[in-house]
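Below, chains carry the letters A, B, ... as their sequence lines are ordered, and counting in each starts from 1.
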Amino acid sequence: MSAQGVTPQSEDFARWYTDVVQKTELADYAPVRGCMIIRPYGYELWEAVRSGLDRRFKATGHRNAYFPLFIPMSFLQKEAEHIEGFAPELAIVTHGGGKELDEPLVVRPTSETVIGYAYANWIQSYRDLPVLINQWANVVRWEMRTRLFLRTLEFLWQEGHTAHATYDEAQEETLRMLDVYADFAVNDAAIPVVKGRKSSQEKFAGAMYSYTIEAMMRDRRALQSGTSHNLGQNFAKAFEIKYLDRSNELQYCWTTSWGLSTRMVGGIVMAHGDDKGLRLPPVVAPYQVVAVPIYKTDAEKSVVLPVMARLVAELRSAGLRVHVDDREEVSPGFKFNDWEMRGVPLRLEVGPKDVEKASAALVRRDIDDRKQAKSFVSQAGLANAVTGLLTAIQASLLQQATVFRDAHMHAVDTYGDFKAVIEQGDWALAYYDGSAEVEDQIKADTGGASSRCFPLDQEAGAGKCIVSGRPAKERAWFAKAY
RNA sequence: CGGGGCGUGGCGCAGUCGGCUAGCGCGCUGCGUUUGGGACGCAGAGGCCGUCGGUUCAAGUCCGACCGCCCCGACCA
């Protein structure tokens, strides 16, 4: 890490990422391997993700609740595929209060099982359905290799868990929540995403179908940014989640679960960041505007500061998140670079000339060229100008990410083209029979590219699997992924 | 767990064939001058050289073990 700024993205993306996360004070390493200390700036970003999602969950009829951290080991074993999938990454508590426990407790890697237990008790009749609950929680998965935000042993997330009377309702819910994630990603995080269905290898352990939103990072690798699962009746059967239908017959429920984690913070970093550091979308940025006063002498300072204070108050009363950098010990130039690294979307400068002319300078973070990024506006109506620019920046970041992404996604028809596309680091869309052998073959041939999803928006058609030649009904996206 | 790299003030590093009081840049503290794109001067503070054990008159330096971190793979939100 250099003393000033971060390793340029173009030089070493992985290094750039770790530099950015630490130098912008999003997070720090913890004393335990693979764990992370989320610092205020990073936590505020997560809080913005949280509030954007929470609002949408409530608007679609969900309520928040909280289920316990510890789960009896036996619960996980009730669903065969579930335990098989999670067993290698469980943290297990064997002792408590100085004594060995009769039954080990698992630190939740996800909560389908405890929640299934509760739902079995709560649900008797079709009148109790649907149950639409979400929880905000931490979970633990003992991963081999970790990276700040992208994969940590403990992470924060939300997990929605719903129970329904029919398959169709569960499927509808699964896709509704996938849409909620996509809406959040696009409109709040300014990240374009591909919605799709996971291959059977990539699906959640215990799910019938898993759906995902996949985003492209600036190094073109894919990031699974949120998942929504139709669990079928797998967990209902394992936990006896049953209801009496209208004709007084006992039926198993159909359940869903869906989650989005602090990984999204890493996604925001990697989808928008540039050589200078972060570029945060205004909707989720902890500070939307940073105000830097400019003065040389005490006399100038005494005229600049009151004007700045007045303007900042106006912006705040317009509902904007504004930070005033009134540090005396660093120069304005230093502050400009510092806040650009931290990704604040818009900078407000007020100096002696502005006081004279009743103007202010606004500088956009999303535009590289300094002259183009900077504009001078009248102090009158500043809040409107700022709001307008923030809207433009939000749109521009989405636009830039979309243009970048689309330039690196290719539909292919031959395996030669497929490998060439992956080789150059891009995403390839190809007919795929969905088999594990083909996926393994592709992984081996391409140095680790995996199927990301069968995109939902593809036209119905048929073709031959690009590897096996077997008939395939759908195309899938393949890419190297985080 | 396999391969590669690295552990020396907060951060980044130097420290030659073992030798004297362990150094440099950044940052930090104080004072003064500065301030519209990463200011400067002066004076300071800050180290069990990752841990343990060996070799030696003498170890940051040589040997061994261990621990930790980073990068690349197998596994994953």
Q: When rounded to the nearest Å, what value does the distance between C1' atoms of G73(B) and G19(B) take?
A: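 G73(B) and G19(B) have their C1' atoms separated by 45 Å.
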Q: Contact class for Arg327(A) (heavy atom, under 4.0 Å): base, sugar-phosphate, or nothing?
A: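 The answer is nothing, as Arg327(A) stays clear of every strand by at least 4.0 Å.
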Q: State which residues pass salt bridge (charged side-chain N to carboxylate O under 4.0 Å, His left out) with Glu300(A); sequence neighbours excluded, sorted by chain then number.
A: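 With sequence neighbours excluded, Glu300(A) shows a salt bridge (charged side-chain N to carboxylate O under 4.0 Å, His left out) to no residue whatsoever.
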Q: What I want to find out is whether Glu25(A) reaches Arg342(A) closely enough, with some N-O distance under 4.0 Å, to be called a salt bridge.
A: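 Looking at Arg342(A) together with Glu25(A), the answer is yes, because their closest N to O distance falls below 4.0 Å.
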Q: Do any of residues 271-297 of chain A sit with a heavy atom less than 4.0 Å from RNA chain B, and if so which?
A: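 The stretch gives Ile294(A), Tyr295(A), Lys296(A) as the residues lying under 4.0 Å from the strand, ordered by number.
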Q: Within this structure, what is the CZ-to-P distance between Phe376(A) and G36(B), rounded to whole angstrom?
A: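 Those two atoms, CZ and P, are 13 Å apart.
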Q: Can a donor-acceptor pair under 3.5 Å be found between the side-chain atoms of Ser261(A) and the base atoms of A77(B)?
A: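 By the distance-only test, yes, there is a pair.
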Q: Polar-atom pairs under 3.5 Å, protein N or O versus N or O of nucleotides 70-75 of chain B: list them with distances, or write none.
A:
from, atom 1, to, atom 2, distance (Å)
C72(B), OP2, Arg145(A), NH2, 2.2

Q: Filter on salt bridge (charged side-chain N to carboxylate O under 4.0 Å, His left out), then keep only pairs touching residues 185-198 of chain A, sequence neighbours left out; what's left?
A: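 Of all non-adjacent pairs touching residues 185-198 of chain A, those that pass salt bridge (charged side-chain N to carboxylate O under 4.0 Å, His left out) are Arg55(A)-Asp188(A), Arg56(A)-Asp188(A), Asp179(A)-Lys195(A), Arg197(A)-Glu474(A), Lys198(A)-Glu214(A).
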Q: Can you list the residues that meet the side chain to side chain donor-acceptor pair (under 3.5 Å) rule with His323(A), with sequence neighbours excluded?
A: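 In terms of side chain to side chain donor-acceptor pair (under 3.5 Å), with neighbours along the sequence ignored, His323(A) is linked to no residue.
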Q: Check whether more than 12 heavy atoms from other residues, nucleotides or ligands sit under 6.0 Å from atom OH of Tyr117(A), and answer yes or no.
A: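 For Tyr117(A), atom OH is not crowded (no more than 12 foreign heavy atoms under 6.0 Å).
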Q: Is the His161(A)-Phe67(A) ring centre distance short of 6.0 angstrom?
A: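 No, ring centres 6.0 Å or more apart.
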Q: Which part of the nucleic acid does Gly351(A) contact within heavy-atom distance under 4.0 Å: base, sugar-phosphate only, or nothing?
A: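 The answer is base, as Gly351(A) lies within the cut-off (heavy atoms under 4.0 Å) of a base atom.
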Q: In whole angstrom, give me the gap between the C1' atoms of C49(B) and C6(B).
A: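 Rounded to whole Å, the distance is 14 Å.
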Q: Using the C1' atom in both, what is the distance from U8(B) to A59(B), to the nearest Å?
A: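 Rounded to whole Å, the distance is 14 Å.
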Q: Name all residues meeting the ring-ring contact (aromatic ring centres under 6.0 Å, His included) criterion together with Tyr209(A); count only those two or more places apart in sequence or in a different chain, and write none if there are none.
A: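 Not a single residue meets the ring-ring contact (aromatic ring centres under 6.0 Å, His included) criterion with Tyr209(A).
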Q: Both Phe155(A) and Arg370(A) contact RNA chain B. Taking the nearest nucleotide for each, which residue is further toward the 5' end?
A: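 Checking each residue's closest nucleotide, the 5'-ward one belongs to Arg370(A).
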